Amino acid sequence: MASLSHPPASSAIAVLENVTKIYEMGDARVHALAGVSVDFEKGAFYAIMGASGSGKSTMLNVLGCLDRPTTGRFVLEDQDVALLDDDDLSEFRLRHLGFIFQSFNLVAQLTVRENIELPLYYLGWDAGESAQRADELAERVGLADRLEHRPAELSGGQQQRVAFARALANDPLILLADEPTGNLDTSTGKQIMRMLADLHEQGKTILMVTHEPDIAEYATHRLYMRDGLIDRIEERG
Ligand code: ADP
Ligand code: MG
């Protein structure tokens, strides 16, 4: 039944309805998500905040299709994710989502260009086209002169810029970031945040976990979690 307070479907890019994620630890059951319901607006920039253990990463992993809910409904771009089998879910993730992690998660053996190309390789892109796309993205993040380098030869900030370029390779619908500045010094972290803010201004939807209020300032919405539930959402005035 339609509810008047419910925003129209077109404005929400991701919808969680009473989503739980329960981890069994021996006899104990951890309710990492305890029944979360929320509509994420298309084009918004969310900072997901809250104490350690409140469920931030678990929610981001569900939203990023890295993990499935235990119960509840998750709709992403009008697709009910529960209806996709594991292969289709991986394919959906590869086509439509981009990720940045606190620890960069680059492949040590691959060059900068190869790291950026990796999602395109899995998507079956032509080698010449994916190399060209990687070079454009490296240029965009200021690493055009580092294409043949390997991650160990780069600073933390440079590595995160490679990860940023890799996350954009498939021109994702949503960029998901888990503490993207957590391993960076303040000024390097600000560079990454300015890149995220620019991306948001160009219309990208961004979901970012952070526990730092300064970092959350860049977002349009601050979503606070507590004990596996959403405590409140504040929209920037
Ligand atoms: P946050 O990112 O806010 O610090 P998490 O989402 O990582 O919190 O964790 C939420 C709760 O779920 C915590 O109690 C954590 O210990 C638990 N948890 C997270 N992942 C797992 C897992 N793979 N197995 C068991 N418990 C987990
Ligand atoms: Mg976390």
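We count ligands from 1, going down the list as the structure has it; atoms in each ligand are counted the same way. All figures in this text were calculated on a predicted structure; none of them were measured in a lab.
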Check the pair R133 / E117 against salt bridge (charged side-chain N to carboxylate O under 4.0 Å, His left out), numbers first and verdict last. CA-CA 8 Å; R133 172 89 175 139; E117 280 183 292; over 6 Å; no
Determine whether any protein heavy atom is located less than 4.0 Å from atom 21 (C) of ligand 1. yes
Which segment of T58 sits under 4.0 Å of ligand 1 when only heavy atoms are counted: both
For G55, is at least one N or O under 3.5 Å away from an N or O on ligand 1? yes
Among all protein non-hydrogen atoms, which one is nearest to atom 10 (C) of ligand 1, and what is the separation to 0.1 Å? G53 O, 3.4 Å
Write out the residue and atom name of the closest protein heavy atom to atom 14 (O) of ligand 1, then the distance separating them to 0.1 Å. V30 CG1, 3.7 Å
Among all protein heavy atoms, pick the one closest to atom 12 (O) of ligand 1 and tell me residue, atom and distance. A32 CB, 3.3 Å
Can you tell me if an N/O/S atom from S52 lies under 2.8 Å from the Mg ion (ligand 2)? no
Member of D86, D80, D85 meeting the salt bridge (charged side-chain N to carboxylate O under 4.0 Å, His left out) criterion with R68: D86
Closer than 4.0 angstrom, basic N to acidic O: yes or no for R95 and E91? yes
For T58 and N61, test the side chains for any donor-to-acceptor distance below 3.5 angstrom and give the result as yes or no. no
Going by the angle between their ring planes, with limits at 30° and 60°, are F45 and H200 parallel, tilted or perpendicular? tilted
For ligand 1, does M225 get within less than 4.0 Å through its side chain, its backbone, both, or neither, judged by non-hydrogen atoms? neither
Which ligand 1 atoms does A51 reach within 4.0 Å, using its non-hydrogen atoms? 3 (O)
Kindly state if atom 16 (O) of ligand 1 has a protein heavy atom within a strict 4.0 Å cut-off, that is, under 4.0 Å? no
Does the side chain of Q191 come within less than 4.5 Å of R161's, by heavy atoms? yes
Consider ligand 1: state whether an atom of it lies below 4.0 angstrom from any non-hydrogen atom of G228. no
May I ask you to say whether E235 pairs ionically with R222, meaning some side-chain N is under 4.0 Å from a carboxylate O? no
Looking only at protein heavy atoms, which one is nearest to atom 19 (C) of ligand 1, and what is the separation? Y23 CE1, 3.5 Å
Within the 4.0 Å heavy-atom shell around M25, which atoms of ligand 1 are there? 25 (C)
Could you check whether any side-chain heavy atom of F99 comes within less than 4.5 Å of a side-chain heavy atom of L175, counting everything from C-beta outward? no
Donor-acceptor contact present, side-chain D231 to main-chain R226, <3.5 Å: no
shortest atom 7 (O) of ligand 1-to-protein heavy-atom contact is with S57 CB, 3.8 Å
